[in-house]
Enquirer: 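I have a structure I would like to understand better, so I am pasting it below and will then ask my questions one at a time.
What's counted below: heavy atoms across the whole structure, side chains too, no hydrogens, waters or symmetry copies. From a predicted model like this one, the values you see are computed outputs, not experimental measurements.
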Amino acid sequence: MQNKTPLQKDFYRESGQWLSTFQMWKKCFSPNLHFIYLLRTAQKHPKSSFSGKVWRLILRHYQIKYGFQIYPETQIGEGLYLGHWGALVINPKAKIGKNCNIAQGVTIAQANRGKNEGVPVIGDEVWIGPNAVIVGNIKIGNNVLIAPNAYVNMDIPSNAVVIGNPATFSINENATSGYINHKID
């Protein structure tokens with residue numbers, strides 16, 4: 001797995017199989033995989049280069065088409081899994097670890113005032129359910145399940161299940177067991 005690209009690792013999360021470039025292209029009929037392909041490709045090229053500008057323009061078209069507002073500047077670890085497409089907003093300054101699942105309707109946003117002014121840092125193996133909101137200069141640990149419709153504006157330790165608005169959490173060593181499949185190392 002050492003010689004695999006971030007893109008190959010992202011596609012592995014979806015199928016559990018290592019795919020050739022041609023096989024990945026065939027899977028790009030799925031809007032979420034197509035978007036991941038374009039995002040990772042844009043991330044490979046410097047923003048100021050000609051190819052970087054072209055890939056960012058193409059990505060922008062598909063951001064609008066599919067409803068994914070994720071920018072190449074966003075630091076996202078390998079093994080990103082977007083379960084469904086549409087209405088997903090991630091601040092470009094946010095940091096997301098590896099083996100993360102992000103569902104539709106999720107917002108990962110910046111807080112512009114108060115004690116949590118800033119953007120979230122999300123650990124490895126985090127499952128974020130539909131319509132969850134994660135906002136502010138907070139840290140989400142590893143192996144965390146954020147339930148659908150949760151509003152998270154506080155630090156969450158590793159090995160936790162988060163529910164509600166306002167969010168509450170409980171410690172659970174198996175928080176994401178069965179939710180995050182085909183993990184990469």
Side-chain angles (χ1 to χ4, degrees), residues 1-110 118-135 140 144 146 148 176 179-185:
M1 198 178 320
Q2 302 292 49
N3 297 332
K4 304 295 184 189
T5 66
L7 181 61
Q8 288 172 310
K9 291 178 181 181
D10 294 340
F11 274 69
Y12 177 83
R13 288 286 323 284
E14 186 271 337
S15 65
Q17 299 175 336
W18 295 110
L19 304 175
S20 68
T21 301
F22 180 72
Q23 289 171 316
M24 286 192 293
W25 287 342
K26 283 179 26 181
K27 286 199 169 268
C28 282
F29 283 104
S30 165
N32 48 345
L33 291 173
H34 186 217
F35 185 83
I36 288 173
Y37 180 88
L38 295 171
L39 174 68
R40 293 297 191 188
T41 303
Q43 287 177 327
K44 288 192 309 187
H45 299 278
K47 186 177 184 176
S48 59
S49 70
F50 177 74
S51 57
K53 290 176 183 177
V54 169
W55 280 108
R56 280 163 174 74
L57 184 63
I58 293 167
L59 182 66
R60 181 66 181 143
H61 169 76
Y62 285 98
Q63 284 176 325
I64 295 165
K65 181 175 181 171
Y66 297 146
F68 292 126
Q69 192 174 336
I70 309 173
Y71 296 95
E73 297 76 25
T74 310
Q75 294 180 37
I76 302 174
E78 300 168 332
L80 172 66
Y81 181 81
L82 302 175
H84 303 281
W85 56 281
L88 178 61
V89 179
I90 300 176
N91 185 290
K93 295 176 187 170
K95 295 178 184 172
I96 301 170
K98 68 179 185 174
N99 289 320
C100 288
N101 289 29
I102 304 174
Q104 72 278 8
V106 169
T107 300
I108 301 172
Q110 175 176 318
V119 294
V121 174
I122 298 170
D124 298 336
E125 297 180 19
V126 175
W127 186 90
I128 306 171
N131 301 311
V133 175
I134 303 167
V135 65
I140 307 294
V144 173
I146 299 174
T176 60
Y179 284 88
I180 298 180
N181 300 315
H182 310 299
K183 297 177 189 176
I184 54 103
D185 295 328

Enquirer: If you round to the nearest 0.5 Å, how far is CG of Asn101 from CG of Asn181?
Expert: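 Asn181 CG to Asn101 CG: 7.5 Å, rounded to 0.5 Å.
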Enquirer: Provide the closest heavy-atom pair for Ile180 versus Glu125 in the form atom of the first, atom of the second, distance.
Expert: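 Distance-wise, the nearest heavy atoms are CD1-C, 3.3 Å.
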Enquirer: Has Asn32 got a side-chain atom pairing as donor or acceptor with Leu82's backbone, closer than 3.5 angstrom?
Expert: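 It does hold such a pair.
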Enquirer: Which atoms form the tightest heavy-atom contact between Val106 and Gly129, and what is the distance?
Expert: CG2-O, 3.3 Å
Enquirer: Please check if the side chain of Thr74 supplies one atom and the backbone of Ile76 the other of a donor-acceptor pair under 3.5 Å.
Expert: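 Not at all, since once roles are kept as given, no pair shorter than 3.5 Å links the two residues.
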Enquirer: Roughly how far apart are Gln43 CD and Ile70 CD1, rounded to 0.5 Å?
Expert: 9.5 Å
Enquirer: Looking at CH2 of Trp127 and CD1 of Ile146, how far apart are the two atoms once the value is rounded to the nearest 0.5 Å?
Expert: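 Between atom CH2 of Trp127 and atom CD1 of Ile146 there are 9.5 Å.
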Enquirer: Please work out which of the three classes, parallel, tilted or perpendicular, describes the rings of Phe22 and Trp25, given edges at 30° and 60°.
Expert: perpendicular
Enquirer: What's the spacing between Glu78 CD and Asp185 CG if we round to 0.5 Å?
Expert: 10.0 Å
Enquirer: Between Leu39 and Phe68, is any pair of side-chain heavy atoms under 4.5 Å apart?
Expert: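 Of all side-chain heavy-atom pairs linking Phe68 with Leu39, none is under 4.5 Å.
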Enquirer: Any donor-acceptor pair under 3.5 Å linking the side chain of Ser20 with the backbone of Gln23?
Expert: yes
Enquirer: Any chance you could measure Asn99, atom CG, to Lys9, atom NZ, to the nearest 0.5 Å?
Expert: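 Between Asn99 CG and Lys9 NZ, I get 9.5 Å after rounding to 0.5 Å.
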Enquirer: Flag the pair Tyr71 / Arg60 as yes when at least one side-chain heavy-atom distance between them is below 4.5 Å, and no otherwise.
Expert: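 Yes; the side chains approach each other to less than 4.5 Å.
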Enquirer: With a 4.5 Å cut-off on side-chain heavy atoms, are Phe11 and Gln17 touching?
Expert: no
Enquirer: Looking at side-chain heavy atoms only, is the closest gap between Pro72 and Lys47 below 4.5 Å?
Expert: no
Enquirer: Between the main-chain N or O of Leu80 and the side-chain N or O of Arg13, is there a donor-acceptor pair closer than 3.5 Å?
Expert: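 No, the answer is negative, given that no donor and acceptor are paired below the 3.5 Å cut-off.
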Enquirer: Just by distance, do the side chain of Ser49 and the backbone of Pro46 share a donor-acceptor pair under 3.5 Å?
Expert: yes
Enquirer: At what distance, to the nearest 0.5 angstrom, does OG1 of Thr5 lie from NZ of Lys44?
Expert: 7.0 Å
Enquirer: On the 0 to 90° scale, with breaks at 30° and 60°, tag the His182-Tyr12 ring pair as parallel, tilted or perpendicular.
Expert: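 Geometry flag for Tyr12 against His182: perpendicular rings.
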Enquirer: So Val135 and Thr107, do their side chains get closer than 4.5 Å, heavy atoms only?
Expert: no
Enquirer: Could you report the tightest heavy-atom contact between Gln8 and Leu19, atom names first, then the distance?
Expert: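 Closest pair (atom of Gln8, atom of Leu19, distance): NE2-O, 4.0 Å.
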Enquirer: Check this for me: His61, atom NE2, are more than 12 non-hydrogen atoms of other residues, nucleotides or ligands nearer than 6.0 Å?
Expert: yes
Enquirer: In this structure, which one of Val121, Val126, Ile128 forms a side chain to side chain contact (heavy atoms under 4.5 Å, CB included) with Ile140?
Expert: Val126
Enquirer: Does a side-chain heavy-atom distance below 4.5 Å link Arg56 with Glu73?
Expert: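 Counting from C-beta outward, Arg56 and Glu73 do come under 4.5 Å.
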Enquirer: Indicate whether the side chain of Tyr66 and that of His34 have a donor and an acceptor atom separated by less than 3.5 Å.
Expert: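 Yes, because at least one side-chain N or O of Tyr66 sits under 3.5 Å from a partner of the opposite role on His34.
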Enquirer: In the structure I gave you, are the side-chain heavy atoms of Ser30 and Tyr37 within less than 4.5 Å of one another anywhere?
Expert: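 No; the side chains remain at least 4.5 Å from each other.
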Enquirer: Any sub-3.5 Å donor-acceptor pair from Gln104's side-chain atoms to Leu88's backbone N or O?
Expert: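 A pair under 3.5 Å: no.
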Enquirer: Any side-chain heavy atom of Ile108 sitting closer than 4.5 Å to one from Ile96?
Expert: yes
Enquirer: I need the minimum non-hydrogen distance between Lys53 and Ser48, along with the two atoms involved.
Expert: CE-O, 3.5 Å
Enquirer: Determine the minimum heavy-atom distance between Leu7 and Ile36, stating which atoms define it.
Expert: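 Closest approach of Leu7 to Ile36, heavy atoms only: CD1-O, 4.0 Å.
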Enquirer: Would you name the heavy atoms of Ala109 and Pro120 that are closest together and state the gap between them?
Expert: O-CD, 3.3 Å
Enquirer: Has the side chain of Asp124 got a donor or acceptor atom that lies under 3.5 Å from a matching backbone atom of Lys98?
Expert: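 Flag set: sc Asp124 to bb Lys98 pair under 3.5 Å.
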